**Student:** 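I'd like to ask some things about the structure below.
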Amino acid sequence: MTIQHRTVDIEAAAKLWRDDHSASQIAKRFGVSRNVIVGLAFRNRGLFPWRGDAGKKSRAPGQAKTMRPRNQAPELKREPEIPATAYDAQRLQSAKLLHHLTAGECCWPLNTGGPYLFCAAETTGRYCRNHHVRSLPKKDEGKS
């Protein structure tokens, strides 16, 4: 038996719905998919009353939801600022914006405020020789 969307079939499906049959159970009886029944119920809300949150778990009345205390985020340490050198001041005259850099140009930032300007000296890597050396950690001179 297929559902023909006739008034008789819609009313039969609505009666099964009111008798607490699931959309899947009703669909099996009519030989259609569950989505057909859900669509019918949606379009004919007067015949298919809303069931509320019948399948959902609920709390006991008066039971309050308690908030878990949140851990404070650890305070981040600021990166030590790398002081500008005379080389940086000299490179500032030919500096470029990031989107103007091409492959083979140094991408070391020369200033700390926007718009950010980058070294743009010719290089085979990411940084020019001067900035590459400055990017490496310093060795402790007292240790051997």
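Throughout, numbering of the chain's residues begins at 1 and tracks the sequence. Computation of the quantities below employed the complete heavy-atom set of this structure, encompassing side-chain atoms and omitting hydrogens, waters and symmetry-equivalent molecules. Everything numeric here is computed off the predicted structure, so don't read it as measured data.
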**Student:** Taking everything shown except R129 itself, do over 12 heavy atoms lie less than 6.0 Å from its CZ?
**Tutor:** no
**Student:** What distance do N44 atom CG and I10 atom CD1 have between them, rounded to the nearest 0.5 Å?
**Tutor:** 5.0 Å
**Student:** Should I26 and V38 be counted in the same cluster of Ile, Leu, Val, Met, Phe, Trp and Tyr side chains packed under 4.5 Å apart?
**Tutor:** no
**Student:** Just wondering, do L16 and Q25 contact through their side chains at under 4.5 Å, heavy atoms?
**Tutor:** no
**Student:** Charged N to carboxylate O under 4.0 angstrom, R134 versus D88?
**Tutor:** yes
**Student:** Do you know the tightest heavy-atom contact between L47 and P49?
**Tutor:** O-CD, 3.3 Å
**Student:** Side chain to side chain contact (heavy atoms under 4.5 Å, CB included) with R91: which of L110, N130, L117?
**Tutor:** L110
**Student:** Should S22 and W17 count as side-chain neighbours, where that means a heavy-atom distance under 4.5 Å?
**Tutor:** no
**Student:** Show the nearest heavy-atom pair for residues A120 and S94, with the distance to one decimal.
**Tutor:** CB-O, 4.1 Å
**Student:** Are any non-hydrogen side-chain atoms of C119 and C107 less than 4.5 angstrom apart?
**Tutor:** no
**Student:** Name all pairs fulfilling the ring pair (Phe, Tyr, Trp, His ring centres under 6.0 Å) condition that reach into residues 109-137, sequence neighbours left out, sorted by first residue then second.
**Tutor:** Y87-H131, W108-Y127, W108-H131
**Student:** Would L92 and L98 show up in the same hydrophobic cluster when neighbours are defined by side-chain heavy atoms closer than 4.5 Å?
**Tutor:** no
**Student:** Quick one: do D19 and K15 satisfy side chain to side chain contact (heavy atoms under 4.5 Å, CB included)? Show the steps, please.
**Tutor:** CA-CA 6 Å; D19 291 341; K15 182 179 181 328; 3.0 Å; yes
**Student:** Determine whether E105 and K96 make a side-chain contact, defined as any pair of heavy atoms from C-beta on separated by less than 4.5 Å.
**Tutor:** yes
**Student:** Are the side chain of R34 and the backbone of I37 linked by a donor-acceptor contact shorter than 3.5 Å?
**Tutor:** no
